[in-house]
Amino acid sequence: MSNITFTMIKPDAVRNNYIGPILAKINQAGFKIVAMKFLKITKEQAAQFYIVHKDRPFYNELIEYMSSGPIVAAILEKENAVEDFRKLIGATDPAKAEPGTIRKEFAKSIAENAIHGSDSNENAIIEANFFFSQLERF
Ligand code: CMP
């Protein structure tokens, strides 16, 4: 069954001009782009988006980083989208990511790791709703 995942190309990847190559890998892997926007989020929005991590030591650093520059947010559709997308992006720490994954190729550290992918179907829906209205999905 086809389902969705949510992704962000993060500020470091945007700054390094990796939007094009990352989108190409996403297309080549068979994901359909359902919704997409290029925007800069505020610290408050970043804090809300990552509220599940509020007790982690890296929470403040994460908020500063995610609000430090523009991002590309998108909803992607594919059979088994969440799991397949997490395989495509690789481990959170790029040093541990498999060769050929997006983080292995485009990320420099565990904090600035180039791309986000939802970790469950439930969170994919929550995260997609955070960024997109129904009118912005195709
Ligand atoms: P992501 O998996 O998209 O969502 C949580 C983010 O927190 C993660 O990507 C990283 O950007 C960041 N993160 C996770 N672990 C660490 C860490 N140990 N130190 C700093 N940032 C982290």
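As the structure lists them, so they are numbered: ligands from 1, and atoms in each ligand from 1. Fair warning: this is a prediction, and the values are worked out from it, not measured in the lab.
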**Request:** Tell me which protein heavy atom sits closest to atom 6 (C) of ligand 1, plus the residue, atom name and distance to 0.1 Å.
**Result:** L62 CD1, 3.7 Å

**Message:** Counting non-hydrogen protein atoms only, what is the nearest one to atom 10 (C) of ligand 1? Give residue, atom name and distance.
**Reply:** I110 O, 3.3 Å

**Request:** If the plane angle is over 60° it's perpendicular, under 30° parallel, otherwise tilted; pick one for F131 and F6.
**Result:** parallel

**Asked** Hey, is ligand 1 close enough to K10 that some N/O pair sits below 3.5 Å?
**Response** yes

**Message:** Any nitrogen or oxygen of E61, side chain or backbone, less than 3.5 Å from one on ligand 1?
**Reply:** no

**Request:** Look only at the side chain of K43 and the backbone of N60, and say whether a donor-acceptor pair between them is shorter than 3.5 Å.
**Result:** no

**Request:** Using modelled atom types only, decide if a donor and an acceptor are shared between the side chain of R103 and the backbone of A114 within a distance under 3.5 Å.
**Result:** no

**Asked** Measuring from the heavy atoms of M8, does anything fall under 4.0 Å of ligand 1?
**Response** no

**Prompt:** In terms of atom number and element, which parts of ligand 1 are under 4.0 angstrom from non-hydrogen atoms of H116?
**Reply:** 1 (P), 3 (O)

**Request:** Mark up the atoms of ligand 1 that fall under 4.0 Å of a heavy atom belonging to N113, in ascending order.
**Result:** 8 (C), 9 (O), 10 (C), 11 (O)

**Prompt:** Considering only heavy atoms, which of Y50, F58, Y65 lies nearest to atom 16 (C) of ligand 1?
**Reply:** F58

**Asked** Any idea which of E112, R86, H53, R103 brings a heavy atom closest to atom 2 (O) of ligand 1?
**Response** R103

**Message:** Does only the side chain of R56 get under 4.0 Å from ligand 1, or the backbone, or both, or neither? Count heavy atoms.
**Reply:** neither

**Request:** State plainly whether the residues K108 and D12 are in salt-bridge range, i.e. N to O under 4.0 Å.
**Result:** no

**Prompt:** Does atom CD of E105 have more than 12 heavy-atom neighbours, drawn from other residues, nucleotides or ligands, at distances under 6.0 Å?
**Reply:** yes

**Prompt:** More than 12 non-hydrogen atoms from neighbouring residues, nucleotides or ligands closer than 6.0 Å to NZ on K37, yes or no?
**Reply:** yes

**Request:** Decide yes or no for M66 and F49: does some side-chain heavy atom of the first lie under 4.5 Å from some side-chain heavy atom of the second?
**Result:** no

